[in-house]
Structures are given as structure tokens and as C-alpha cells.
Amino acid sequence: MPKLNIVILAAGLGKRMHSTLPKVLHPLAGRPLLSHVLDTARALVPEKICVVYGHGGETVPQTIADRKLIWVKQEPQLGTGHALMQTLPHLDKKGVTLVLYGDVPLTKVETLQGLIATAAAKYLALLTLELDEPSGYGRIVRSSGDKITAIVEEKDASKAQRQIREINTGIMAIPNQYLHDWLPRLENRNAQKEYYLTDIVALAVKDGVRVEAARPGHVWEILGINSKVQLAALERIYQNESASRLLEQGVTLADPARIDIRGQLTCGGDVAIDINCIFEGAVQLGDNVRVGAHSILKNVKVAAGTLIAPFSHIEDAEIGKNCRIGPYARIRPGTRLASEVHIGNFVEVKNSSIAAGSKANHLSYIGDAVVGKNVNIGAGTITCNYDGANKHQTIIEDDVFIGSDTQLIAPLTVAKGTTIGAGSTITKNTPPQSLTLSRAKQMSIAGWKRPVKKTKSGK
Ligand code: UD1
Ligand code: CA
């Protein structure tokens, strides 16, 4: 592979998005369009990556926040050729420059490798494609000998040229030695008064440099985003591709059309995922993990054999082997569950560790707690971790049994083997193996009469 420079053009306006957010920052699969292009660019291991930005100002470099990138501001935006001219001082004299668009997010690395290899042989390499509906794109003009002679923009094209179905995707690889010569020679005598990068094709022909075209494997690799309609369509394509990959790996998906992956989902063997689940960030599911319908997992590791029942929401957590979570569980950041832990419906766990075999099956809040082994937390138990100013820790040692509707006022240690009577408010540490309860004595008044409603007449 030659010395590689990559330029990502991302200065355009994106008027049709009807948004104040710069176009390249709109999310696809939960991440900015530009981040997808940057992933692809980095996978090609270039010497440098220049990003041309303009519209939206500093928001773009600030959001992407990568100091290794060379950010080049283009203002005003006078066309794709003008955009590339701004990067010229940064480009090497030798090697190849690959041009990508910040709003074309799904181009495959293999497709680009082919293009780069062609340019390394000192040809101008264009990614082109035949479309049934070519309107809007620049057209590839070929000679009678089928040699590429020019790219003509739709607005400048003759009626005959508009019939051409081979289009310019905009993605191209250029030998640097020619690029340094061609860019200063571009002119803006055209319908849009812009400096067209595409005009380098005619310059190549003039200089006797061969122009070669390569095809992408899929049409979606070259699709750009100009509107929310196109963004939504490309999102579905992306999700469909992700789902297909999982199916090919042997993951069971109840419906490949109803899963959304916004990050990296890694699955072991015999994983089954029901409908409408969302996976964000890095999620790892071990062997035989089952995820129930409508669950949302973000940055979660789930060990083998665990069942996540429907409508569970889990974020920044580690779940051990053979656990049972949900339905309707909420597991918040900083939670670590060991093996065979049960977290049932309407239980919220935050920043807590729970050791093997412990259970909180119904309606509880466990926050800032360290829970030992084989603990049973009764329905409605609350760790009162917050005093209005600070958070405090609750320690619940092994083999504790907590009766229903108990409040544990932190900081607090419930010692090993304690039983807490239902309905207690526990404010002091308990001694081990004790029964501890705090409860008003029950009393009954025999023969007590209920009040009777007065009538209007007073009788
Ligand atoms: C361009 C190509 C056209 C091709 C089409 C594919 C030219 C002259 N035309 O068309 O042949 O079929 O892409 O989509 O190259 N940009 C800048 N600065 C500018 C202008 C554009 O950074 O001054 C960036 C945009 O943000 C975008 C990309 O370049 O990422 C392409 O710009 P766009 O206006 O969408 O391309 P077209 O001119 O329609
Ligand atoms: Ca344009």
C-alpha cells in the first residue's frame, strides 16, 4: 500500500435536513455520520486524515474532538475542488489521496482499498456506479473506446449526457504528484460558479493520465444523506446489515427487522434476542443469554446463561452467569451482579454490587450498596442512600433476610445472618444472626364504632 492521505469533505450546508445541527453530526446508529466515515478512514491506516469543515463552524471539530485529525476550515464554500485545495499544504508530495464525503457513511473498507491500489499505479481512480435513477449526480462521460473522458455535473450536462446512467459517487483516489498540479488549474466557469473537483478528470485526460473506474459492492455504500428521509432509509439499511451479520453468526433474532444496534454487539453461542431491543455502546452477551422483548442494554457485559426478561433497561453494568433479570428491571451505572442473582420487576439497582445467589424480586431500590451472598431482599425494600446532600453506603452481609417494606437508612451495615422484620425502618447497624425490627406495637380496640355521616335534617 502507498503512503495514504485521506481528505473528508464535510463543509457543506445540508439545508434539506431542516436542522441547526451540522449535517455530518446527525446520528446514524447513534453516532454522527462523520464518525462512521472516520472509522472507515482509520481502518485504512492512513498517514493523515484531513477534515474540511465550514458550515456549522467549530461545532463539528468540537464534537468529534480528535486531535490527531487535521481540521481545515473552508470559508466560503466554493465547491468540492475548492474544498480540496484548502488541504493541499497538508498533503504529501508522493503517495495517494483518497477523497471521502462526510455525509456518505457506509462505504466499505474493501471497496476503498481497491480504489487506492488503482491510484497507487499512478491512475486516477473513481468510484462509479450505474443507477436507474441517475438524476442529481455527476455523469461519467466515456469515449467511443469506453475510456472515461470527463465528469459532467447534472446542471452543466447536455440532454444527451443526462441520459448517461453511470454516475460519479464523488469518492476518488488521486496520485498526489498529479493532485498538486491539477488543483491550482481548476476553474469555476460552470453553472454553479464552483470549483469542481470532478474537473480533474478532464485534466488527467489532457495530461495523458489514465482514468479508471471501480464499482462498490452495494449501492448503499455510496448513498449520501441530504434529508431526514434519506437518513432514515440509510439507518434501516445499516440495521438490516447488522442483523444479517448476527444471524449469520448464529444469533437467533425473533425479527431481524426489529432490532437496533447503536454500537458493538458481541454475542456468544445460542444467544436469542426477542423483538424491539436496542443495544448501545459496547454490549457483550455470553453463551445462551436470552434478551426479552423491548429491552435496552447500553455498555453491558452479560455472562453465560442469563435471562433478561422483557422491558428491562440496563446501563454500564456487569451481569454474572445464570442471572434472572426483569421483567421491568432497571439496572443503572456502576452495578455488578455476580452469578445467579435475581432482580425482579420494578427493582432499581444503582452503583451496587450484589454477590452470588442474592435476590431482590419485587419493587425495590438498591443504591450505593454492597450486598453479600444469598441475601433475600423483600418487596418494597429501599436503601435510603441520600440525605439531601450526600450519598451513603449500605452494606448487607451474607445470608441476610430483609422483610418487605423495609427502609435501610444509610450509612448502615446489616451484619451477616440478620433477619429484619417486615415494615422496619433500620437506622443502626444490626448484630449478626439477630432478628431486628422497628415497628409500632399493634393494638386493637374491641367494639369500636365507625363514624356515621350526618344527615341534612340533623336527625
Ligand atoms: C458532487 C459531485 C458529483 C457527484 C456527487 C455525489 C462535484 C463537483 N460534484 O456533487 O459529481 O455525483 O457529489 O454525491 O464534485 N463540500 C465541501 N465544500 C464545498 C462543497 C461541497 O466540503 O464547497 C462537501 C459537502 O459537504 C459534501 C461533499 O463535498 O460532503 C459533496 O458536496 P455536494 O454539494 O453534496 O455534492 P454535489 O455538488 O451535489
Ligand atoms: Ca453542490
Side-chain angles (χ1 to χ4, degrees), residues 6-17 21-26 28 32-34 36-38 40-41 50-57 59-61 70-88 98-107 124 126-131 133-141 148 150-157 161-162 164-172 174 179 182-183 186-203 211 213 216 219-227 230-231 234:
I6 297 181
V7 176
I8 301 174
L9 303 185
L13 173 56
K15 213 193 249 165
R16 282 191 280 151
M17 297 298 274
L21 188 68
K23 179 162 76 171
V24 291
L25 295 183
H26 280 267
L28 180 100
L33 291 172
L34 182 55
H36 291 270
V37 183
L38 286 168
T40 310
C50 297
V51 185
V52 182
Y53 72 107
H55 262 288
T59 329
V60 178
I70 300 167
W71 292 94
V72 180
K73 195 164 192 175
Q74 182 200 16
E75 210 169 40
Q77 288 90 32
L78 302 178
T80 50
H82 181 257
L84 207 61
M85 278 179 215
Q86 312 309 307
T87 69
L88 214 42
L98 173 70
V99 178
L100 300 175
Y101 287 2
D103 53 4
V104 179
L106 301 185
T107 320
L124 172 56
L126 309 175
L127 193 65
T128 76
L129 186 64
E130 297 218 348
L131 291 180
E133 249 311 318
S135 65
Y137 288 96
R139 307 296 208 284
I140 305 294
V141 182
I148 296 175
I151 298 175
V152 56
E153 291 306 294
E154 171 143 308
K155 286 184 178 133
D156 303 293
Q161 287 169 329
R162 283 183 201 195
I164 299 172
R165 287 174 47 239
E166 188 182 5
I167 61 103
N168 172 37
T169 66
I171 292 168
M172 56 177 84
I174 312 148
L179 190 62
W182 289 337
L183 285 181
L186 292 179
E187 293 173 25
N188 66 347
R189 276 177 293 173
N190 52 53
Q192 304 187 83
K193 302 269 173 296
E194 283 183 5
Y195 295 89
Y196 291 165
L197 178 57
T198 45
D199 285 349
I200 66 171
V201 174
L203 293 176
V211 184
V219 176
W220 47 257
E221 288 187 53
I222 63 98
L223 294 179
I225 308 279
N226 294 302
S227 67
Q230 291 170 341
L231 181 60
L234 217 54

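Indexing begins at 1, ligand by ligand and atom by atom, following the structure's order. Values in this document were obtained by computation on a predicted structure and should not be read as measured data.
Considering backbone and side-chain N/O of Ala83, none are found under 3.5 Å from N/O of ligand 1. Any N or O atom pair closer than 3.5 Å counts here, and Gln74 shares at least one such pair with ligand 1. Checking only distances, Tyr196 never comes within under 3.5 Å of ligand 1, N or O to N or O. The N/O atoms of Val52, backbone and side chain alike, include none that comes under 3.5 Å of an N/O atom in ligand 1. Any N or O atom pair closer than 3.5 Å counts here, and Tyr137 shares no such pair with ligand 1. Below 3.5 Å of separation, one finds no N or O of Gln192 facing any N or O of ligand 1. For the pair Ile151 and ligand 1, the shortest N or O to N or O distance does not fall below 3.5 Å. Of the N or O atoms in Glu194, none lie within a sub-3.5 Å distance of an N or O in ligand 1. Close N/O approach between Gly79 and ligand 1 is found [any backbone or side-chain N/O within under 3.5 Å].
In the candidate list Pro76, Gly12, Pro134, Gly12 is nearest to atom 25 (C) of ligand 1, counting heavy atoms.
Taking a 4.0 Å cut-off on heavy atoms, His82 fails to register as neighbouring ligand 1. Using a 4.0 angstrom heavy-atom cutoff, Ile167 does not count as in contact with ligand 1. Under a 4.0 Å heavy-atom criterion, Gly224 is not in contact with ligand 1.
Of the possible polar contacts, none joining the Arg139 side chain to the Glu154 backbone as a donor-acceptor pair under 3.5 Å is found.
In the vicinity of Gly138, heavy-atom distances shorter than 4.0 Å reach the ligand 1 atoms 3 (C), 4 (C), 11 (O), 12 (O). For ligand 1 and Thr169, the ligand atoms under 4.0 Å from any heavy atom of the residue are 6 (C). Atoms of ligand 1 lying under 4.0 Å from at least one heavy atom of Ala10, given by number and element, are 22 (O), 26 (O). Taking a cut-off of under 4.0 Å to the non-hydrogen atoms of Leu78, the atoms of ligand 1 that pass are 23 (O). Of all the atoms in ligand 1, the ones that sit under 4.0 Å from a non-hydrogen atom of Thr80 are 7 (C), 8 (C), 15 (O), 20 (C), 21 (C), 29 (O), 31 (C).
The side-chain contact (heavy atoms from CB on, under 4.5 Å) with Leu197 is formed by just one residue from the set Val99, Ile151, Asn168; it is Val99.
For Lys15, the side chain to side chain contact (heavy atoms under 4.5 Å, CB included) partners at least two apart in sequence or on another chain are Leu13.
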